[in-house]
Undergrad: 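This structure is in structure tokens; I'll ask about it shortly.
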Protein chains: 2
Amino acid sequence: MSKTVHQRRPPASVAVAVDLVIFTVRDGRLQVLLIERGNTPYRGQAALPGGFVRDGETLDATARRELREETGVSADSLHLEQLRAYSEPDRDPRGRIITIAYLAIGPDLPMPQAGTDASAAHWTPVSPILDRQIALAFDHEEILRDGLERARSQLEHTTIATAFCREPFTIADLRQIYEAVWGVPLDPSNFRRKVLKTKGFVKPIGERRLPDIGRPAALFHRGLAEILTPPLMRSGTASISREEM
Amino acid sequence: MSKTVHQRRPPASVAVAVDLVIFTVRDGRLQVLLIERGNTPYRGQAALPGGFVRDGETLDATARRELREETGVSADSLHLEQLRAYSEPDRDPRGRIITIAYLAIGPDLPMPQAGTDASAAHWTPVSPILDRQIALAFDHEEILRDGLERARSQLEHTTIATAFCREPFTIADLRQIYEAVWGVPLDPSNFRRKVLKTKGFVKPIGERRLPDIGRPAALFHRGLAEILTPPLMRSGTASISREEM
DNA sequence: CCGACTTATGGTCAAGCTCACCTAAATGAC
DNA sequence: GTCATTTAGGTGAGCTTGACCATAAGTCGG
């Protein structure tokens with residue numbers, strides 16, 4: 001910050017929190033990690049995991065700590081990026097709380113161990129939330145929507161899709177990530193061509209046969225590239241228009 | 001926010017501020033609005049304009065207020081978007097201050113009226129800052145770099161370039177924006193074709209002859225579109241690689 | 001072992017877009 | 001008029017895209 005002239009005016013007293021939008025793809029559907037609130041307000045309702053910043057802690061550190069404490073997920077090994085700040089004065093009935101939302105993306109994770117803080121955490125498909133069949137506490141639905149749009153956009157321009165996959169993975173695994181997040185079917189052949197043409201996206205190794213049925217698929221690790229050039233754009237085949245966005 | 005289980009642990013006491021990266025293009029160069037700091041720390045050094053959030057104020061409102069107070073710029077009529085939060089515990093020697101940076105973009109603006117709070121504000125070309133010939137206070141250089149990268153990226157995917165232009169403008173005006181922000185020359189003919197092909201980017205009207213020399217150019221207003229499909233990508237002609245990014 | 005089925009992989013082809021040029025048009029300076 | 005300059009518009013090779021087809025390599029049920 002950097003006030004120059006009129007210095008007088010006490011800074012407002014605000015609390016700063018971090019909320020997490022944690023996505024994964026399980027059985028072909030995009031899912032988000034929610035907790036059931038144990039305290040008022042919104043007691044018993046679903047909410048994004050989160051918590052207050054502590055002294056001497058960066059927001060990134062807060063995000064990693066909450067990830068561990070509330071969900072039992074090891075902070076490394078998954079993609080974590082800042083989304084944005086939410087600051088409506090009345091967004092939290094308890095008082096003035098500004099929250100900085102984070103987007104986290106990981107492979108289908110080992111889930112909540114009972115007995116830990118994470119016991120209230122559970123994966124929930126995203127669609128019923130978007131369709132307003134499940135209501136979230138606070139302004140968390142808005143945060144979720146923003147997080148989803150960010151994730152969809154990042155899939156176009158970066159290689160984060162690989163963060164959804166446990167290594168090693170097949171091209172089909174990767175394609176299913178795109179299909180689940182974008183909500184559209186993609187042509188397997190064309191998808192494959194684009195992924196393989198983009199240098200540094202994926203790196204081949206051996207073979208496998210896991211499919212209960214069908215030809216075995218080649219396996220890959222993540223490549224070194226972070227940014228996709230050219231971008232892998234949605235829009236192509238099916239209709240995205242309905243849904244929301 | 002949404003703590004569930006262990007509620008005990010007092011929220012850290014933090015102040016929340018907003019800092020502004022305000023860009024414009026003047027005589028072909030990208031410039032940023034800086035103020036000279038009047039108080040310690042970093043007294044006399046250049047810094048981004050900014051200030052503390054007040055009670056009951058959203059961050060957007062803070063950004064608009066500071067824009068007006070510190071720079072004399074009317075908040076409407078220019079593009080304003082949130083960049084991200086900066087939270088290193090020691091980023092400000094005065095104490096724990098988390099800042100949310102905003103990116104603002106406007107046409108070559110009427111500048112600082114002496115006598116107002118804005119008297120310390122002045123436009124500065126961006127390049128000498130990137131080249132470390134001018135040092136900014138706090139972590140403002142990092143914020144500036146992030147703001148620049150966001151602006152460059154937004155030029156690819158959205159129509160904000162028109163926010164740099166005073167209406168009405170010519171295709172050449174628009175092209176100079178791209179050249180100044182991206183730092184690369186563009187082919188006038190190809191640029192024109194892409195802009196005109198993208199529906200909703202610009203909207204034609206009459207003619208004008210402002211060039212001291214040369215054929216008169218058609219004039220345009222901003223179109224209705226916000227998003228560019230397809231994106232207008234950099235990379236094409238010259239080398240971007242060096243610089244920073 | 002055989003054929004049906006499933007999924008992966010690979011190829012083809014027309015349409016569209018990009019980039020690097022080239023040419024024409026419109027103006028002021030001389 | 002001629003020239004320099006800038007806008008406007010065109011052309012063609014090369015690449016990418018999307019739709020679609022063909023083949024490969026497995027499993028499964030007989």
Side-chain angles (χ1 to χ4, degrees), chain A residues 27-28 155-157 165 168-180 182 184-199 201-220 227-241, chain B residues 27-28 155-157 165 168-180 182 184-199 201-220 228-240:
Chain A
D27 42 69
L155 248 53
E156 294 187 329
H157 304 292
C165 297
F169 53 85
T170 68
I171 300 283
D173 292 338
L174 198 60
R175 177 168 47 83
Q176 281 161 20
I177 301 299
Y178 277 88
E179 293 178 331
W182 284 351
V184 298
L186 297 175
D187 182 286
S189 185
N190 293 337
F191 179 82
R192 173 170 222 277
R193 183 180 15 148
K194 288 194 199 179
V195 169
L196 293 182
K197 178 161 41 188
T198 305
K199 271 197 278 287
F201 195 175
V202 297
K203 194 173 50 179
I205 23 176
E207 285 258 353
R208 97 171 170 203
R209 75 187 56 209
L210 40 124
D212 304 333
I213 190 76
R215 174 177 175 172
L219 288 173
F220 298 84
I227 297 181
L228 290 181
T229 46
L232 211 162
M233 311 265 290
R234 44 186 160 165
S235 74
T237 322
S239 55
I240 337 174
S241 40
Chain B
D27 42 70
L155 248 54
E156 294 187 330
H157 305 292
C165 297
F169 52 85
T170 68
I171 300 284
D173 292 337
L174 198 60
R175 177 168 47 83
Q176 281 160 21
I177 301 300
Y178 277 88
E179 293 178 332
W182 284 351
V184 298
L186 298 175
D187 182 286
S189 185
N190 292 336
F191 179 82
R192 171 170 222 277
R193 173 165 38 92
K194 288 192 197 179
V195 169
L196 292 182
K197 177 160 42 187
T198 305
K199 271 197 278 285
F201 196 174
V202 298
K203 192 173 52 178
I205 23 176
E207 285 260 350
R208 96 172 170 202
R209 74 188 57 211
L210 48 122
D212 304 331
I213 189 76
R215 172 176 177 173
L219 288 172
F220 299 84
L228 290 182
T229 45
L232 211 162
M233 311 265 289
R234 44 186 160 164
S235 72
T237 321
S239 56
I240 338 174

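The chains referred to below are lettered A, B, ... by the order of the sequence lines, with proteins before strands, and numbering in each begins at 1. Computed over heavy atoms, backbone and side chain alike; hydrogens, waters and symmetry mates excluded.
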Undergrad: Between A:T170, A:L196, A:V195, which is the residue that forms a side chain to side chain contact (heavy atoms under 4.5 Å, CB included) with A:F220?
TA: A:L196

Undergrad: Which atom pair, heavy atoms only, marks the closest approach of A:G28 to A:A180?
TA: O-CB, 3.5 Å

Undergrad: In the 5'-to-3' direction, what one-character label does each nucleotide of nucleotides 2-15 of chain D receive under the scheme B = base within less than 4.0 Å of a protein heavy atom, S = sugar-phosphate only, - = no such atom?
TA: ---BBBSBB-----

Undergrad: Please give, in whole Å, the distance from C:dG11 P to A:K194 NZ?
TA: 18 Å

Undergrad: Out of C:dT18, D:dT17, C:dT27, which nucleotide sits closest to the side chain of B:R209?
TA: C:dT27

Undergrad: Out of curiosity, B:K194 NZ to B:F201 CZ, how far, rounded to the nearest 0.5 Å?
TA: 11.5 Å

Undergrad: Check every atom of C:dT18, C:dT27, D:dT17 against the side chain of A:K197 and return the nucleotide holding the closest atom.
TA: D:dT17

Undergrad: Within this structure, what is the CG-to-C1' distance between A:L232 and D:dT16, rounded to whole angstrom?
TA: 12 Å

Undergrad: What closest approach, in Å, do A:W182 and A:E156 show between heavy atoms, and which atom pair accounts for it?
TA: CZ2-CG, 3.5 Å

Undergrad: Can you tell me if CG on A:D212 sees more than 12 non-hydrogen neighbours from other groups inside 6.0 Å?
TA: no

Undergrad: May I have the distance from B:L186 (atom CG) to C:dA20 (atom C1'), rounded to whole angstrom?
TA: 14 Å

Undergrad: Locate the shortest heavy-atom distance separating A:R208 from A:P168; write the atom from each residue and the value.
TA: NH1-O, 3.8 Å

